[in-house]
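Whatever order the structure lists ligands and atoms in, that order sets their numbers, starting from 1. From a predicted model like this one, the values you see are computed outputs, not experimental measurements. Because only heavy atoms are used, hydrogens play no part in the values below, and waters and symmetry mates are left out as well, while side chains stay in.
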Amino acid sequence: MKKIPLIKPYITEKITAKVCEVLNSGYLTEGQVTKEFEEKVKEYVGCQYALAVCNCTVGLEIGLRAMGIGFGDEVIVPDYTYPATASAVGIVGANIVIVDVDRETMLIDFDALEQAITPRTKAIIPVSIFGNPLDYDRLDKIKEKHNLYILEDAACSIGAKFHGTYVGNLADISVFSLHPRKFITTGEGGMVTTNNRQWADWMLSYKHFGMGVHESRLTTAFDRIGTNYKLSNIQAAIGLSQMDYIEELLARREEISEAYYQLLANTPMISFPKTTNKGKHSWQSCCIFVENRDQIMIKLKEKNIESQIGTYALHMHKAFSENPKCQIVGDMRRSRYAFDHCLTLPLYHEMTEEEQKYVVQELLEAITDYQ
Ligand SMILES: Cc1ncc(COP(=O)(O)O)c(C=O)c1O
């Protein structure tokens with residue numbers, strides 16, 4: 001069997017043709033194609049403003065800056081996430097407060113979150129990890145009760161929904177990643193969404209060197225110190241064309257994930273993370289919990305199958321554990337469990353039934369060695 005990759009970006013001839021069209025146009029930097037991509041995501045998600053940026057990490061940073069968060073403020077993040085979630089808080093000079101996650105969903109634990117709130121807490125960055133949407137019934141109550149902003153790290157969650165509303169239109173600000181591990185990708189890239197006009201204008205200015213904004217359009221006056229977090233027309237051409245396939249991509253990912261769950265059901269040493277029953281998962285990753293995860297990954301690799309851990313447990317890294325501006329609240333037991341046991345299985349649009357059966361067969365084989 002040829003190598004089974006973890007993910008394979010879906011690139012059609014139509015997509016490469018669009019990229020070539022941009023290259024031949026001579027307009028390579030952020031421009032009309034980026035704008036069309038923003039419009040497309042905005043319409044899809046149903047929000048009022050969408051701003052393309054060069055990656056999700058800077059999207060989180062400008063989201064925090066737009067909210068006015070900085071020195072002396074506290075922002076709560078889950079322990080089980082990619083480090084960028086927390087690093088964005090450090091980058092704006094605020095204090096990072098890390099809490100544990102739910103054992104079954106791997107999403108931020110709401111009780112731990114509430115217990116960590118102090119008068120200095122300004123925002124929460126919950127993460128819809130792997131495309132599993134967050135429970136906004138609970139989150140909105142916490143937000144109202146404690147008067148906080150919600151900046152969703154929706155890196156993995158384009159296409160996911162909660163009670164019929166798309167992720168990207170649930171939080172005060174949301175940020176998608178367009179890294180190739182995500183199924184809508186621009187190589188590197190991010191998209192920030194919000195319904196707050198003032199914040200949208202501020203972010204537009206800030207990502208364009210601090211240029212002035214009038215009627216949501218840039219002017220040639222420079223109103224503030226800003227930076228350059230733009231997304232080029234070339235990159236946007238990939239994302240824009242991929243958006244034409246989003247429903248197809250989501251449906252196929254769901255189909256493959258459900259097949260994995262069925263084929264692996266009732267297998268000793270394997271259990272499944274809980275997915276939402278109040279919305280729709282986007283299946284950016286299909287994960288299982290498994291004993292001896294690292295040895296199993298090695299065995300899969302020997303069989304030419306690429307797999308991955310889920311994500312990281314922040315408390316295990318000195319960027320956070322030895323950081324005087326970072327507070328780790330609790331023992332992070334459940335995050336540690338996820339870090340040790342979560343395994344991401346290969347999942348890509350063009351995966352064949354034969355390839356999936358091969359992955360399952362080799363996974364079961366690897367597991368029997370430990371029974
Ligand atoms: C949850 C989460 N947040 C943030 C990021 C960072 O995204 P980017 O690479 O687009 O900056 C990632 C990347 O994998 C992620 O998984």
**Message:** Applying the salt bridge (Lys or Arg N to Asp or Glu O under 4.0 Å) criterion to Asp100, which one of Arg334, Arg333, Arg336 satisfies it?
**Reply:** Arg334
**Message:** Consider salt bridge (Lys or Arg N to Asp or Glu O under 4.0 Å). Of Asp102, Asp111, Asp109, which one does Arg138 pass it with?
**Reply:** Asp111
Report the nearest protein non-hydrogen atom to [atom]: residue, atom name, distance rounded to 0.1 Å.
atom: atom 2 (C) of ligand 1; result: Ala155 CB, 3.4 Å
atom: atom 6 (C) of ligand 1; result: Thr57 OG1, 3.5 Å
atom: atom 10 (O) of ligand 1; result: Ser177 OG, 2.7 Å

**Request:** Answer yes or no: does atom NZ of Lys325 have more than 12 heavy-atom neighbours from other residues, nucleotides or ligands under 6.0 Å?
**Result:** yes
**Message:** Other residues, nucleotides and ligands only: do more than 12 of their heavy atoms fall within 6.0 Å of OH on Tyr27?
**Reply:** no
Which of the atoms of ligand 1 are close to [X], meaning less than 4.0 Å from one of its heavy atoms?
X: Val127; result: 1 (C)
X: Gly189; result: 10 (O)
X: Cys56; result: 4 (C), 7 (O), 8 (P), 10 (O), 11 (O)
X: Thr81; result: 1 (C)

**Fill in**
Within the 4.0 Å heavy-atom cut-off, what Lys182 brings close to ligand 1 is side chain
When only distance counts, is [X] in polar contact with ligand 1, meaning an N/O pair under 3.5 Å?
X: Ile129; value: no
X: Asp153; value: yes
X: Tyr82; value: no

**Fill in**
Shortest non-hydrogen pair, Pro346 vs Ile305, comes out as CG-CG2, 3.8 Å
**Item:** Nearest non-hydrogen partners of Thr193 and Ala50, listed with the distance
**Value:** CG2-CB, 4.2 Å
**Item:** NZ/NE/NH1/NH2 to OD/OE distance under 4.0 Å, Lys2 and Glu355
**Value:** yes
**Prompt:** Quick one: does NZ or CZ of Lys207 land under 6.0 Å from the six-membered ring centre of Tyr229, within 45 degrees of the ring axis?
**Reply:** no
